[in-house]
Number of protein chains: 2
Amino acid sequence: MKLSEARQQFINSWGAFGTQWGINRTMAQIHALLLVSIDPITQDDIMEQLSISRGNVNMNIRDLIGWGLVERVILAGERKEYFTAEKDIWKVATQIIKERKKRELDPMIKLLSQLENIEDKKDKETKQFTEMIGSIKKMGTQADRVLDVMIKAEENWFTGSVLKMFK
Amino acid sequence: MKLSEARQQFINSWGAFGTQWGINRTMAQIHALLLVSIDPITQDDIMEQLSISRGNVNMNIRDLIGWGLVERVILAGERKEYFTAEKDIWKVATQIIKERKKRELDPMIKLLSQLENIEDKKDKETKQFTEMIGSIKKMGTQADRVLDVMIKAEENWFTGSVLKMFK
DNA sequence: TTAATCTTTCAATATATTTTGAAAGTTCAG
DNA sequence: CTGAACTTTCAAAATATATTGAAAGATTAA
(Lines give C-alpha, C1' and ligand atoms only; values in the text may rest on other atoms or scores of the structure.)
Protein backbone atom coordinates (compact mmCIF):
# COMPACT_ATOMS: atom_id res chain seq x y z
CA MET A 1 0.00 0.00 0.00
CA LYS A 2 1.14 3.51 -0.76
CA LEU A 3 1.34 6.28 1.80
CA SER A 4 -1.19 8.49 0.02
CA GLU A 5 -3.62 5.60 -0.19
CA ALA A 6 -3.19 4.69 3.47
CA ARG A 7 -3.64 8.32 4.55
CA GLN A 8 -6.86 8.57 2.58
CA GLN A 9 -8.18 5.33 3.97
CA PHE A 10 -7.35 6.38 7.49
CA ILE A 11 -9.23 9.66 7.06
CA ASN A 12 -12.28 7.99 5.53
CA SER A 13 -12.43 5.21 8.07
CA TRP A 14 -11.92 7.57 10.97
CA GLY A 15 -14.89 9.52 9.69
CA ALA A 16 -17.05 6.40 9.46
CA PHE A 17 -15.92 5.30 12.88
CA GLY A 18 -16.80 8.70 14.31
CA THR A 19 -20.38 8.58 13.08
CA GLN A 20 -20.92 5.37 15.04
CA TRP A 21 -20.02 7.34 18.15
CA GLY A 22 -22.29 10.26 17.50
CA ILE A 23 -19.52 12.40 16.02
CA ASN A 24 -20.04 14.32 12.82
CA ARG A 25 -18.28 12.52 9.97
CA THR A 26 -16.51 15.63 8.68
CA MET A 27 -15.32 16.62 12.12
CA ALA A 28 -13.76 13.21 12.57
CA GLN A 29 -12.17 13.42 9.12
CA ILE A 30 -10.67 16.81 9.82
CA HIS A 31 -9.32 15.48 13.07
CA ALA A 32 -7.82 12.49 11.29
CA LEU A 33 -6.24 14.75 8.66
CA LEU A 34 -4.70 16.92 11.35
CA LEU A 35 -3.44 13.86 13.23
CA VAL A 36 -1.43 12.72 10.23
CA SER A 37 -0.31 16.22 9.27
CA ILE A 38 2.96 16.84 11.05
CA ASP A 39 3.07 20.56 10.34
CA PRO A 40 0.15 22.94 10.92
CA ILE A 41 -2.18 23.40 7.94
CA THR A 42 -4.68 26.06 6.85
CA GLN A 43 -8.43 26.08 6.21
CA ASP A 44 -7.67 26.02 2.49
CA ASP A 45 -5.51 22.93 2.87
CA ILE A 46 -8.35 21.16 4.65
CA MET A 47 -10.92 22.32 2.09
CA GLU A 48 -8.78 21.00 -0.70
CA GLN A 49 -7.74 17.70 0.86
CA LEU A 50 -11.24 16.75 2.02
CA SER A 51 -13.18 18.50 -0.79
CA ILE A 52 -15.44 20.40 1.56
CA SER A 53 -16.61 23.98 1.80
CA ARG A 54 -15.02 26.81 3.73
CA GLY A 55 -17.96 27.16 6.08
CA ASN A 56 -17.92 23.49 6.89
CA VAL A 57 -14.23 23.55 7.74
CA ASN A 58 -14.69 26.63 9.84
CA MET A 59 -17.53 25.25 11.95
CA ASN A 60 -15.97 21.87 12.52
CA ILE A 61 -12.59 23.31 13.37
CA ARG A 62 -14.30 25.49 15.94
CA ASP A 63 -15.93 22.41 17.44
CA LEU A 64 -12.63 20.55 17.52
CA ILE A 65 -11.06 23.48 19.33
CA GLY A 66 -14.00 23.37 21.75
CA TRP A 67 -13.18 19.73 22.39
CA GLY A 68 -9.62 20.72 23.18
CA LEU A 69 -8.24 18.54 20.39
CA VAL A 70 -7.08 21.22 17.95
CA GLU A 71 -5.22 24.49 18.32
CA ARG A 72 -4.88 27.63 16.29
CA VAL A 73 -1.30 28.39 15.36
CA ILE A 74 -0.06 31.75 14.15
CA LEU A 75 3.08 31.49 12.10
CA ALA A 76 5.40 34.52 12.21
CA GLY A 77 5.01 36.72 9.15
CA GLU A 78 1.93 34.87 7.92
CA ARG A 79 -1.51 36.33 7.57
CA LYS A 80 -3.42 33.04 7.54
CA GLU A 81 -4.31 30.96 10.55
CA TYR A 82 -2.89 27.49 10.80
CA PHE A 83 -4.25 24.54 12.74
CA THR A 84 -2.64 21.62 14.47
CA ALA A 85 -3.92 18.66 16.49
CA GLU A 86 -2.63 17.21 19.73
CA LYS A 87 -0.50 14.29 18.55
CA ASP A 88 -0.14 12.37 21.82
CA ILE A 89 -2.92 9.84 21.41
CA TRP A 90 -3.20 9.21 25.14
CA LYS A 91 -3.81 12.88 25.72
CA VAL A 92 -6.38 12.83 22.94
CA ALA A 93 -8.24 9.96 24.58
CA THR A 94 -8.06 11.63 27.98
CA GLN A 95 -9.42 14.84 26.56
CA ILE A 96 -12.31 13.10 24.82
CA ILE A 97 -13.20 11.21 28.00
CA LYS A 98 -13.05 14.40 30.01
CA GLU A 99 -15.35 16.26 27.63
CA ARG A 100 -17.89 13.49 27.16
CA LYS A 101 -18.05 13.01 30.89
CA LYS A 102 -18.73 16.69 31.39
CA ARG A 103 -21.22 17.02 28.55
CA GLU A 104 -23.11 13.76 28.93
CA LEU A 105 -22.46 11.72 32.04
CA ASP A 106 -22.68 14.57 34.55
CA PRO A 107 -26.03 15.86 33.21
CA MET A 108 -27.43 12.33 33.15
CA ILE A 109 -26.54 11.78 36.79
CA LYS A 110 -28.17 15.10 37.64
CA LEU A 111 -31.35 14.07 35.86
CA LEU A 112 -31.48 10.70 37.59
CA SER A 113 -31.16 12.40 40.96
CA GLN A 114 -34.21 14.49 40.16
CA LEU A 115 -36.19 11.44 39.09
CA GLU A 116 -35.63 9.84 42.48
CA ASN A 117 -37.81 12.47 44.17
CA ILE A 118 -41.20 10.91 43.65
CA GLU A 119 -44.29 11.31 45.79
CA ASP A 120 -45.73 8.31 47.60
CA LYS A 121 -42.57 6.26 47.97
CA LYS A 122 -44.45 3.45 49.66
CA ASP A 123 -46.31 2.57 46.49
CA LYS A 124 -44.99 -0.66 45.03
CA GLU A 125 -44.61 0.60 41.47
CA THR A 126 -42.92 3.76 42.63
CA LYS A 127 -40.50 1.72 44.66
CA GLN A 128 -39.58 -0.45 41.69
CA PHE A 129 -39.09 2.59 39.48
CA THR A 130 -36.95 4.32 42.06
CA GLU A 131 -34.83 1.22 42.47
CA MET A 132 -34.12 1.10 38.73
CA ILE A 133 -33.26 4.78 38.60
CA GLY A 134 -31.08 4.36 41.66
CA SER A 135 -29.11 1.50 40.17
CA ILE A 136 -28.52 3.39 36.93
CA LYS A 137 -27.42 6.40 38.93
CA LYS A 138 -25.05 4.27 40.97
CA MET A 139 -23.53 2.85 37.82
CA GLY A 140 -23.14 6.39 36.51
CA THR A 141 -21.47 7.75 39.62
CA GLN A 142 -19.11 4.79 39.76
CA ALA A 143 -18.16 5.27 36.13
CA ASP A 144 -17.72 8.95 36.83
CA ARG A 145 -15.25 8.22 39.60
CA VAL A 146 -13.26 5.71 37.58
CA LEU A 147 -13.05 8.14 34.68
CA ASP A 148 -11.83 10.89 36.98
CA VAL A 149 -9.03 8.69 38.18
CA MET A 150 -8.19 7.67 34.62
CA ILE A 151 -8.01 11.28 33.54
CA LYS A 152 -5.56 12.03 36.32
CA ALA A 153 -3.50 8.91 35.71
CA GLU A 154 -2.99 9.89 32.06
CA GLU A 155 -0.55 7.66 30.26
CA ASN A 156 -0.32 5.14 33.04
CA TRP A 157 -3.90 4.08 32.54
CA PHE A 158 -3.59 0.81 30.87
CA THR A 159 -0.20 -0.39 31.89
CA GLY A 160 0.18 -4.03 32.86
CA SER A 161 0.14 -3.56 36.58
CA VAL A 162 -3.15 -1.70 36.54
CA LEU A 163 -4.64 -4.29 34.28
CA LYS A 164 -3.86 -7.08 36.69
CA MET A 165 -5.91 -5.45 39.39
CA PHE A 166 -9.08 -6.11 37.49
CA LYS A 167 -8.57 -9.81 37.54
CA MET B 1 -42.96 14.72 41.03
CA LYS B 2 -45.44 12.02 40.10
CA LEU B 3 -44.48 8.54 38.99
CA SER B 4 -46.06 8.87 35.55
CA GLU B 5 -44.23 12.14 34.99
CA ALA B 6 -40.90 10.71 36.13
CA ARG B 7 -41.34 7.67 33.92
CA GLN B 8 -42.02 9.82 30.90
CA GLN B 9 -39.07 12.06 31.59
CA PHE B 10 -36.79 9.08 32.01
CA ILE B 11 -37.88 7.64 28.67
CA ASN B 12 -37.48 10.94 26.85
CA SER B 13 -34.13 11.74 28.37
CA TRP B 14 -32.80 8.26 27.80
CA GLY B 15 -33.70 8.71 24.14
CA ALA B 16 -31.90 12.03 23.94
CA PHE B 17 -28.92 10.60 25.76
CA GLY B 18 -28.81 7.69 23.33
CA THR B 19 -28.61 9.89 20.25
CA GLN B 20 -25.45 11.47 21.62
CA TRP B 21 -23.92 8.02 21.60
CA GLY B 22 -24.91 7.10 18.10
CA ILE B 23 -27.99 5.16 19.19
CA ASN B 24 -31.33 5.61 17.50
CA ARG B 25 -33.58 7.73 19.72
CA THR B 26 -36.54 5.37 19.47
CA MET B 27 -34.45 2.33 20.23
CA ALA B 28 -33.17 3.99 23.39
CA GLN B 29 -36.72 4.98 24.36
CA ILE B 30 -38.03 1.47 23.88
CA HIS B 31 -35.16 0.18 25.98
CA ALA B 32 -35.95 2.73 28.69
CA LEU B 33 -39.61 1.78 28.64
CA LEU B 34 -38.75 -1.88 29.01
CA LEU B 35 -36.33 -1.11 31.83
CA VAL B 36 -39.07 0.48 33.90
CA SER B 37 -41.71 -2.08 32.95
CA ILE B 38 -41.55 -4.82 35.52
CA ASP B 39 -43.71 -7.26 33.60
CA PRO B 40 -43.23 -8.13 29.94
CA ILE B 41 -45.16 -5.95 27.47
CA THR B 42 -46.36 -6.31 23.89
CA GLN B 43 -45.66 -4.43 20.66
CA ASP B 44 -49.03 -2.75 21.04
CA ASP B 45 -48.16 -1.54 24.53
CA ILE B 46 -44.97 0.00 23.19
CA MET B 47 -46.76 1.56 20.20
CA GLU B 48 -49.28 3.12 22.50
CA GLN B 49 -46.96 4.32 25.21
CA LEU B 50 -44.43 5.87 22.84
CA SER B 51 -46.86 6.84 20.07
CA ILE B 52 -44.91 5.12 17.33
CA SER B 53 -45.81 2.80 14.47
CA ARG B 54 -45.88 -0.96 14.50
CA GLY B 55 -43.04 -1.25 12.00
CA ASN B 56 -40.86 1.05 14.02
CA VAL B 57 -41.38 -0.96 17.19
CA ASN B 58 -40.72 -4.19 15.35
CA MET B 59 -37.42 -3.09 13.81
CA ASN B 60 -36.06 -1.51 16.95
CA ILE B 61 -37.06 -4.43 19.13
CA ARG B 62 -35.24 -6.70 16.73
CA ASP B 63 -32.13 -4.53 17.07
CA LEU B 64 -32.39 -4.56 20.85
CA ILE B 65 -32.59 -8.34 20.78
CA GLY B 66 -29.51 -8.29 18.54
CA TRP B 67 -27.74 -6.26 21.19
CA GLY B 68 -28.67 -8.89 23.75
CA LEU B 69 -30.60 -6.38 25.85
CA VAL B 70 -34.15 -7.56 25.24
CA GLU B 71 -35.82 -10.95 25.13
CA ARG B 72 -38.95 -12.36 23.60
CA VAL B 73 -41.25 -13.93 26.16
CA ILE B 74 -44.09 -16.28 25.39
CA LEU B 75 -46.76 -16.30 28.05
CA ALA B 76 -48.70 -19.53 28.45
CA GLY B 77 -52.08 -19.40 26.77
CA GLU B 78 -51.32 -16.10 24.99
CA ARG B 79 -51.09 -15.59 21.26
CA LYS B 80 -49.10 -12.37 21.37
CA GLU B 81 -45.37 -12.05 21.92
CA TYR B 82 -44.19 -10.19 24.96
CA PHE B 83 -40.88 -8.46 25.50
CA THR B 84 -38.75 -7.87 28.52
CA ALA B 85 -35.39 -6.21 29.15
CA GLU B 86 -32.48 -7.36 31.24
CA LYS B 87 -32.96 -5.47 34.49
CA ASP B 88 -29.53 -5.90 36.08
CA ILE B 89 -27.92 -2.66 35.01
CA TRP B 90 -24.40 -4.03 35.40
CA LYS B 91 -25.21 -6.80 32.99
CA VAL B 92 -26.70 -4.25 30.63
CA ALA B 93 -23.49 -2.21 30.69
CA THR B 94 -21.36 -5.30 30.21
CA GLN B 95 -23.44 -6.39 27.27
CA ILE B 96 -23.23 -2.97 25.60
CA ILE B 97 -19.45 -2.87 26.09
CA LYS B 98 -19.13 -6.36 24.68
CA GLU B 99 -21.15 -5.53 21.58
CA ARG B 100 -19.55 -2.17 20.84
CA LYS B 101 -16.14 -3.73 21.23
CA LYS B 102 -17.02 -6.43 18.76
CA ARG B 103 -18.74 -4.15 16.27
CA GLU B 104 -16.43 -1.16 16.40
CA LEU B 105 -13.18 -1.54 18.26
CA ASP B 106 -12.15 -4.88 16.78
CA PRO B 107 -12.70 -3.76 13.15
CA MET B 108 -10.84 -0.52 13.81
CA ILE B 109 -7.81 -2.39 15.12
CA LYS B 110 -7.93 -4.62 12.07
CA LEU B 111 -7.98 -1.60 9.78
CA LEU B 112 -5.07 0.04 11.57
CA SER B 113 -3.03 -3.14 11.20
CA GLN B 114 -3.55 -3.00 7.46
CA LEU B 115 -2.53 0.64 7.30
CA GLU B 116 0.80 -0.17 8.88
CA ASN B 117 1.87 -2.11 5.77
CA ILE B 118 3.22 0.72 3.68
CA GLU B 119 5.90 0.57 1.02
CA ASP B 120 9.15 2.45 1.53
CA LYS B 121 9.27 2.47 5.30
CA LYS B 122 12.49 4.47 5.33
CA ASP B 123 10.78 7.53 3.95
CA LYS B 124 10.44 10.16 6.67
CA GLU B 125 6.77 10.94 6.04
CA THR B 126 5.90 7.28 5.89
CA LYS B 127 7.64 6.74 9.18
CA GLN B 128 5.72 9.53 10.86
CA PHE B 129 2.43 8.22 9.52
CA THR B 130 3.19 4.68 10.61
CA GLU B 131 4.10 5.90 14.08
CA MET B 132 0.76 7.67 14.45
CA ILE B 133 -1.17 4.64 13.24
CA GLY B 134 0.89 2.44 15.54
CA SER B 135 0.15 4.55 18.60
CA ILE B 136 -3.57 4.59 17.87
CA LYS B 137 -3.49 0.85 17.37
CA LYS B 138 -1.66 0.39 20.63
CA MET B 139 -4.27 2.46 22.45
CA GLY B 140 -6.94 0.33 20.80
CA THR B 141 -5.43 -2.98 21.76
CA GLN B 142 -4.86 -1.83 25.33
CA ALA B 143 -8.46 -0.67 25.60
CA ASP B 144 -9.53 -3.97 24.09
CA ARG B 145 -7.70 -5.90 26.78
CA VAL B 146 -9.03 -3.79 29.62
CA LEU B 147 -12.57 -4.17 28.32
CA ASP B 148 -12.15 -7.92 28.07
CA VAL B 149 -11.16 -8.07 31.69
CA MET B 150 -14.02 -5.79 32.68
CA ILE B 151 -16.50 -7.97 30.86
CA LYS B 152 -15.28 -10.99 32.75
CA ALA B 153 -15.15 -9.21 36.08
CA GLU B 154 -18.83 -8.23 35.76
CA GLU B 155 -20.23 -6.64 38.86
CA ASN B 156 -16.91 -6.29 40.60
CA TRP B 157 -15.71 -3.75 38.07
CA PHE B 158 -15.87 -0.58 39.92
CA THR B 159 -15.63 -1.61 43.51
CA GLY B 160 -13.52 0.49 45.80
CA SER B 161 -10.50 -1.76 45.90
CA VAL B 162 -10.11 -1.83 42.14
CA LEU B 163 -10.51 1.90 41.99
CA LYS B 164 -7.63 2.46 44.38
CA MET B 165 -5.25 0.67 42.07
CA PHE B 166 -5.55 3.44 39.53
CA LYS B 167 -4.21 6.03 41.86
C1' DT C 1 -58.19 -26.39 5.84
C1' DT C 2 -59.63 -21.85 6.96
C1' DA C 3 -59.63 -17.53 8.59
C1' DA C 4 -58.49 -14.73 12.41
C1' DT C 5 -54.55 -13.02 14.78
C1' DC C 6 -50.19 -11.60 15.00
C1' DT C 7 -45.41 -10.41 12.90
C1' DT C 8 -42.35 -8.76 9.41
C1' DT C 9 -40.96 -6.18 5.46
C1' DC C 10 -39.86 -2.24 2.80
C1' DA C 11 -40.98 1.58 -0.50
C1' DA C 12 -42.59 5.96 0.30
C1' DT C 13 -42.55 9.77 3.38
C1' DA C 14 -41.11 12.56 7.02
C1' DT C 15 -37.66 14.29 9.94
C1' DA C 16 -33.08 15.51 11.38
C1' DT C 17 -28.52 16.59 10.33
C1' DT C 18 -24.94 18.28 7.55
C1' DT C 19 -23.08 21.14 3.97
C1' DT C 20 -22.80 24.92 1.02
C1' DG C 21 -21.56 29.47 -0.44
C1' DA C 22 -22.32 34.12 -0.60
C1' DA C 23 -22.62 38.05 2.36
C1' DA C 24 -21.16 40.20 6.44
C1' DG C 25 -17.58 40.73 9.68
C1' DT C 26 -12.75 41.29 11.02
C1' DT C 27 -7.93 42.33 10.71
C1' DC C 28 -4.01 44.59 9.25
C1' DA C 29 -0.34 46.30 5.81
C1' DG C 30 0.55 50.22 3.45
C1' DC D 1 -8.04 55.58 6.52
C1' DT D 2 -8.55 52.01 2.70
C1' DG D 3 -9.00 47.90 0.63
C1' DA D 4 -7.08 43.36 0.18
C1' DA D 5 -6.83 39.13 2.75
C1' DC D 6 -8.78 36.38 5.64
C1' DT D 7 -12.63 34.48 8.93
C1' DT D 8 -17.28 33.83 10.41
C1' DT D 9 -22.17 33.37 9.96
C1' DC D 10 -26.41 31.35 8.69
C1' DA D 11 -30.44 30.63 5.49
C1' DA D 12 -31.13 27.55 1.92
C1' DA D 13 -30.09 23.17 -0.22
C1' DA D 14 -28.45 18.65 -0.03
C1' DT D 15 -27.92 14.50 2.24
C1' DA D 16 -28.63 10.99 5.61
C1' DT D 17 -31.50 8.79 8.91
C1' DA D 18 -35.74 7.36 10.95
C1' DT D 19 -40.68 6.40 10.61
C1' DT D 20 -44.89 5.04 8.70
C1' DG D 21 -48.40 1.93 7.27
C1' DA D 22 -50.21 -1.18 4.19
C1' DA D 23 -49.28 -5.53 2.11
C1' DA D 24 -47.22 -9.90 2.50
C1' DG D 25 -45.90 -13.56 5.50
C1' DA D 26 -46.39 -16.59 9.42
C1' DT D 27 -48.81 -18.98 12.99
C1' DT D 28 -52.45 -21.31 15.27
C1' DA D 29 -57.29 -22.13 17.10
C1' DA D 30 -61.21 -24.21 15.64
Side-chain angles (χ1 to χ4, degrees), chain A residues 11-34 40-67 70-84 103-104, chain B residues 11-34 40-67 69-84 100 103-104:
Chain A
I11 291 166
N12 290 341
S13 303
W14 208 245
F17 191 65
T19 57
Q20 294 189 303
W21 281 90
I23 290 153
N24 177 308
R25 172 184 267 94
T26 303
M27 182 168 143
Q29 286 182 340
I30 294 174
H31 189 219
L33 173 58
L34 287 168
I41 60 179
T42 65
Q43 283 203 346
D44 294 83
D45 294 331
I46 298 170
M47 285 168 65
E48 195 190 348
Q49 294 204 45
L50 302 181
S51 308
I52 56 178
S53 72
R54 185 174 302 285
N56 199 1
V57 173
N58 196 278
M59 288 182 129
N60 283 113
I61 277 280
R62 189 217 270 145
D63 274 357
L64 283 165
I65 292 171
W67 277 83
V70 168
E71 280 196 339
R72 253 173 246 279
V73 178
I74 303 297
L75 296 187
E78 285 267 14
R79 188 72 184 277
K80 282 185 181 169
E81 290 180 336
Y82 284 73
F83 300 96
T84 190
R103 297 174 188 211
E104 293 150 25
Chain B
I11 290 166
N12 290 341
S13 304
W14 207 244
F17 192 65
T19 56
Q20 295 188 302
W21 281 89
I23 291 152
N24 177 307
R25 172 183 267 94
T26 304
M27 182 168 143
Q29 286 182 341
I30 293 175
H31 188 219
L33 172 59
L34 286 168
I41 60 178
T42 64
Q43 284 202 347
D44 293 84
D45 293 331
I46 298 170
M47 286 169 65
E48 195 189 348
Q49 294 204 43
L50 303 181
S51 307
I52 57 179
S53 72
R54 184 174 302 285
N56 198 3
V57 172
N58 196 278
M59 289 181 131
N60 283 111
I61 277 280
R62 189 217 272 147
D63 273 358
L64 283 165
I65 292 171
W67 276 84
L69 299 171
V70 167
E71 280 196 338
R72 251 173 247 279
V73 178
I74 304 297
L75 296 187
E78 285 266 13
R79 189 74 184 277
K80 282 187 184 173
E81 290 180 336
Y82 284 73
F83 300 96
T84 189
R100 293 205 89 144
R103 298 174 188 210
E104 294 151 24

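So that the names make sense, note that chain A is the first sequence line, chain B the second, and so on, each numbered from 1. None of these values were measured; they are calculated from a predicted model.
- Distance check: N24(B) CG to L64(B) CG gives 9.0 Å after rounding to the nearest 0.5 Å.
- Look at R72(B) and you won't find any side-chain N or O under 4.0 angstrom from OP1 or OP2 of dC6(C).
- Rounded to an integer number of Å, the gap from CG of D63(A) to P of dC10(D) is 15 Å.
- Donor-acceptor pairing under 3.5 Å, judged by distance alone, is absent between the side chain of R54(B) and the base of dT7(C).
- Within 6.0 Å of the CD atom in E48(B), the count of heavy atoms belonging to other residues, nucleotides or ligands does not exceed 12.
- Remark: N24(A) is in phosphate contact with dT19(C), judged by side-chain N or O atoms under 4.0 Å from OP1 or OP2.
- Atom CD of E81(B) and atom P of dA26(D) are 14 Å apart (whole Å).
- With rounding to whole Å, M59(A) atom CE is found 8 Å from dC10(D) atom P.
- Closest heavy-atom contact between W14(A) and H31(A): NE1-ND1, 4.1 Å.
- Rounded to whole Å, the distance from CD1 on I46(A) to C1' on dT19(C) is 16 Å.
- Take the nearest nucleotide of DNA chain C for R79(A) and for G55(A): the residue whose nucleotide is more 5' is G55(A).
- Position along DNA chain D of the nearest nucleotide to K80(A) versus R25(A) favours K80(A) as the more 5'-ward residue.
- Between T19(A) and D44(A), the residue whose closest nucleotide on DNA chain D is further toward the 5' end is D44(A).
- dC6(D) atom C1' lies 11 Å from atom CZ of F83(A), rounded to whole Å.
- The nearest whole Å value for the distance from the CG atom in D45(A) to the P atom in dC6(D) is 12 Å.
- A straight line from CE of M27(A) to C1' of dT19(C) spans 16 Å, rounded to a whole angstrom.
- Counting to the nearest Å, the C1' atom of dC6(D) and the CD atom of Q43(A) are 9 Å from each other.
- No hydrogens or angles considered: nothing links the side chains of S53(B) and N56(B) as a donor-acceptor pair under 3.5 Å.
- Residue A28(B) comes nearest to G18(B) through the heavy atom pair CB-CA, 4.3 Å, listed as atom of the first residue, atom of the second, then distance.
- Between N58(A) and dT8(D), a side-chain N or O to OP1/OP2 separation shorter than 4.0 Å is present.
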